[in-house]
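Some notes on the structure that comes next.
Because the structure is a prediction, the values reported are computed rather than measured.
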Amino acid sequence: MANREALRELQTRLASRLQAARSGGIAVAWLAVKAGESNYLFPLAQSGEIFPLINVQVVPYCRQWFMGVVNLRGGLYGVVDLASFISDGSTRVRTEQSLAESSVITVNATLELNCALVVDGLAGLRKRDAFAEAELPPEGSPVFFGTRFTDRNGAHWQEINLQALSQLPEFLSISA
């Protein structure tokens, strides 16, 4: 219950910061998340809502990274473990505690895909000046990888183009 309240407070803070940024002319570009051992940036224009990870209904005969389906605000969404998908479907051992601390972020409705991505943590909103360096993704990276940023503390953040991800045949094909 405390986790839900903490998530609600974080969502409220993020929403108010986003509203302040829009009205103040500050360019906020990404929602920063942690999935597995990596840091990712979701473009705000491609991101949807944030929910706690609860009541996922398992679907049989699916790939390891497809966790099941969940009802969010009356809509049925497929739930994808982002870290597992990016690591080519390797199974992650998750404790009940880590699942309770996880969140799902829906893909923006304009992308016309009822999908929610599981992330292990939310790191807030980021704008371009939060990063010291930017570089193209390494050769052989997935097509949905955008710019790779390094923040002032030396942490790496990989931008994920959710639109490109949502159109990948591998992402859309969940059958095992």
Any non-hydrogen side-chain atom of [X] less than 4.5 Å from a side-chain atom of [Y]?
| X | Y | value |
| --- | --- | --- |
| Leu72 | Thr106 | yes |
| Val118 | Met67 | yes |
| Val79 | Phe66 | no |
| Cys115 | Val80 | yes |
| Tyr77 | Leu117 | no |
| Tyr40 | Glu159 | no |

Hey, mind stepping through Gln46 and Asn161 against side chain to side chain contact (heavy atoms under 4.5 Å, CB included) and telling me if it holds?
CA-CA 8 Å; Gln46 298 173 2; Asn161 182 327; 3.4 Å; yes

Is a donor on one side and an acceptor on the other found under 3.5 Å between the side chain of Ser141 and the backbone of Pro138?
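Flag set: sc Ser141 to bb Pro138 pair under 3.5 Å.
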
Residue pairs fulfilling side chain to side chain donor-acceptor pair (under 3.5 Å) with at least one residue in residues 163-176, sequence neighbours excluded
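Passing the test, one end in residues 163-176: no pairs.
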
Could you measure the distance from the [atom1] atom of [X] to the [atom2] atom of [Y]? Nearest 0.5 Å is fine.
| X | Y | atom1 | atom2 | result |
| --- | --- | --- | --- | --- |
| Ser102 | Lys34 | OG | NZ | 13.5 Å |
| Leu162 | Ile105 | CG | CD1 | 8.5 Å |
| Leu122 | Phe42 | CG | CZ | 9.5 Å |

In sequence, state the C-alpha distance, the side-chain angles, and the governing distance for Ile174 and Trp65, and then conclude on side chain to side chain contact (heavy atoms under 4.5 Å, CB included).
CA-CA 8 Å; Ile174 61 168; Trp65 46 262; 3.9 Å; yes

Please list, chain by chain and in numerical order, all residues satisfying side chain to side chain contact (heavy atoms under 4.5 Å, CB included) with Val143, sequence neighbours excluded.
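Per chain and number, Val143 pairs via side chain to side chain contact (heavy atoms under 4.5 Å, CB included) with Leu168.
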
Minimum heavy-atom distance between Val56 and Gly68, given as atom pair plus value:
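Closest heavy-atom pair between Val56 and Gly68: CG1-CA, 3.9 Å.
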
Considering all heavy atoms, the nearest Gly36-Ala83 contact:
N-CB, 3.6 Å

Could you state whether [X] and [Y] fall into the same hydrophobic cluster, counting links through intermediate Ile, Leu, Val, Met, Phe, Trp or Tyr residues with side-chain heavy atoms under 4.5 angstrom apart?
| X | Y | result |
| --- | --- | --- |
| Phe131 | Leu31 | no |
| Trp30 | Leu125 | no |
| Leu41 | Leu165 | no |

Please work out whether the ring planes of Phe144 and Phe85 are parallel, tilted or perpendicular, with thresholds of 30° and 60°.
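Geometry flag for Phe85 against Phe144: tilted rings.
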
Which residues share a side chain to side chain donor-acceptor pair (under 3.5 Å) with Gln158, sequence neighbours left out
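Applying side chain to side chain donor-acceptor pair (under 3.5 Å) to Gln158 gives none.
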
Taking distance alone, no hydrogens or angles, what donor-acceptor pairs closer than 3.5 Å link side-chain atoms of residues 145-152 to residues at least two apart or in another chain?
unit_1: Thr150; atom_1: OG1; unit_2: His156; atom_2: ND1; d: 3.1
unit_1: Asp151; atom_1: OD1; unit_2: Asn153; atom_2: N; d: 3.0
unit_1: Asp151; atom_1: OD1; unit_2: Gly154; atom_2: N; d: 3.0
unit_1: Asp151; atom_1: OD1; unit_2: Ala155; atom_2: N; d: 2.8
unit_1: Asp151; atom_1: OD2; unit_2: Trp157; atom_2: NE1; d: 3.0
unit_1: Arg152; atom_1: NH2; unit_2: Asp129; atom_2: O; d: 2.5

Give every donor-acceptor pair under 3.5 Å between a side-chain atom in residues 107-114 and any protein atom, sequence neighbours left out.
unit_1: Asn108; atom_1: OD1; unit_2: Thr110; atom_2: N; d: 2.9
unit_1: Asn108; atom_1: OD1; unit_2: Thr110; atom_2: OG1; d: 3.1
unit_1: Asn108; atom_1: ND2; unit_2: Ala45; atom_2: O; d: 3.2
unit_1: Asn108; atom_1: ND2; unit_2: Ser47; atom_2: O; d: 3.3
unit_1: Asn114; atom_1: ND2; unit_2: Leu76; atom_2: O; d: 3.2

Once salt bridge (charged side-chain N to carboxylate O under 4.0 Å, His left out) is applied, what residue pairs with a partner in residues 58-80 remain, sequence neighbours excluded?
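Only Glu49-Arg73 qualify under salt bridge (charged side-chain N to carboxylate O under 4.0 Å, His left out).
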
